[in-house]
Amino acid sequence: MGRTRTFTTLAVGSLLAGLITVTPASAAPVLAAPDISVANVQAHQARLQTIANQNGGNRAHGRPGFRASIDFVQGQLNAAGYTTRLVQFTSNGATGWDLIADWPGGDGNNILMSGSHLDSVNAGPGINDNGSGSAALLEIALTVSRMNVHPQRHLRFGWWGAEELGLVGSTFYVNNLARTERAKIKGYLNFDMLGSPNPGYFVYDSAGQPTGSTTLQHALEAHFTALGVPTELISVGGRSDHAAFARAGIPTGGLFTGAEVIKTAAQAQKWGGTSGVAFDRCYHRSCDTSTNVNVTALDRMVDAVADAIWSLSGVPVAAH
Ligand code: DPN
Ligand code: ZN
């Protein structure tokens, strides 16, 4: 990969101490990502579960549990120093919103965007689909703030509405961006289902995606390579929110632990878990609750996401 890894201890605060630096050939050293707290990710999922409990059991588009989810995530981001806005749309006769959060700084003409859908289906609270991706991205965004990192590229995060109605919120966002604004987004990472209870380790296949997607695929694979956990490439096609970005010619990538598809014997052999059972047998059901999460998978996935965001955006060693 043309990168050298060295161990170093930096006297710039306990959060940064003992981190590994990743030095791309002929470029300034950049920091590797920290270990993201999976306990914090789970705490965010617990909040989403509580929100569902208090709002009729779901967080679906057009229902109060969705709006409460948006308010929770936006409140956390505002307190952490993000510039946030809501993008409002109408779908199926109901108002929906995307939450867009910008971390101030970095090259605004070279944006790395990461997104997860925040809505559930009507049938249940959606804690794996997609409380997992939503909570993982929230904790990563909060970690960026706590560490006060200032990557070379501008970081943007999105929490999409109405994905479950047909990728409505992300499509609305991309299609309503001015052409010049769309051109500034140089990559989009998508996280939809990161803690499936019988997990697989899937990386979105860059084949057939816009030029540049292979760099994103490799960045998302790096943490698993380091862990020695095998991954499989998957063509997610039009099943999640990267689709509109890909149609706009923006490089895309993503991670996924599996939904309704049955785990094979070969997959159980290499990943553990149960063959002959779905990756997530509570997919789109009322049992997609806080207990419908494999914490090991979630932990690996959130660290892999952070690793990709840090390496792709270029976090300087000398954070200022
Ligand atoms: N968002 C879900 C769906 O559209 O069915 C789950 C999913 C995510 C399925 C990624 C496939 C790939
Ligand atoms: Zn989903």
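Position 1 is the first residue of the sequence; numbering continues from there. All values below were derived from every heavy atom in this structure, side-chain atoms included, with hydrogens, water molecules and symmetry-related copies excluded. Atoms within each ligand, like the ligands themselves, are counted from 1 in listed order.
Sorted by first and then second residue, the pairs that involve residues 248-299 and meet disulfide bond (SG atoms under 2.5 Å apart), not counting sequence neighbours, are C282-C287.
Listed by atom number, the atoms of ligand 1 under 4.0 Å from V236 heavy atoms are 10 (C), 12 (C). Residue contact check: M193 has heavy atoms under 4.0 Å from atoms 6 (C) of ligand 1.
Under the salt bridge (Lys or Arg N to Asp or Glu O under 4.0 Å) criterion, E139 pairs with R146, sequence neighbours left out. Scanning for side chain to side chain donor-acceptor pair (under 3.5 Å) contacts around N110 gives R153, with sequence neighbours left out.
Without hydrogens or angle criteria, T252 side chain to Y188 main chain gives no donor-acceptor distance under 3.5 Å. Remark: the backbone N or O of A278 is not paired with any side-chain donor or acceptor of Y283 at under 3.5 angstrom.
Residue nearest to atom 8 (C) of ligand 1, selected from L255, D129, D192, N128: D192 (by heavy-atom distance).
Within the protein, the N, O or S atoms lying under 2.8 Å from the Zn ion (ligand 2) are H117 NE2, D129 OD1, D192 OD1, D192 OD2.
Summary of contacts: the protein heavy atom closest to atom 5 (O) of ligand 1 is Y283 OH, 2.1 Å.
For the pair E163 and ligand 1, the shortest N or O to N or O distance falls below 3.5 Å. Looking at ligand 1, you'll find an N or O of R239 within less than 3.5 Å of one of its N or O atoms.
Closest approach of R182 and A248 over heavy atoms only: CD-CB, 4.0 Å.
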> After noting the C-alpha distance and the side-chain angles of S196 and N128, does the key distance pass the side chain to side chain donor-acceptor pair (under 3.5 Å) rule?
Replying inline: CA-CA 6 Å; S196 302; N128 184 38; 3.1 Å; yes
>> Apply side chain to side chain donor-acceptor pair (under 3.5 Å) to residues H117 and N190 and explain how you reach the verdict.
In response: CA-CA 9 Å; H117 76 85; N190 194 64; over 6 Å; no
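Taking the six-membered ring for Trp and thresholds of 30 and 60 degrees, F157 and Y82 have ring planes more than 60 degrees apart, a perpendicular arrangement.
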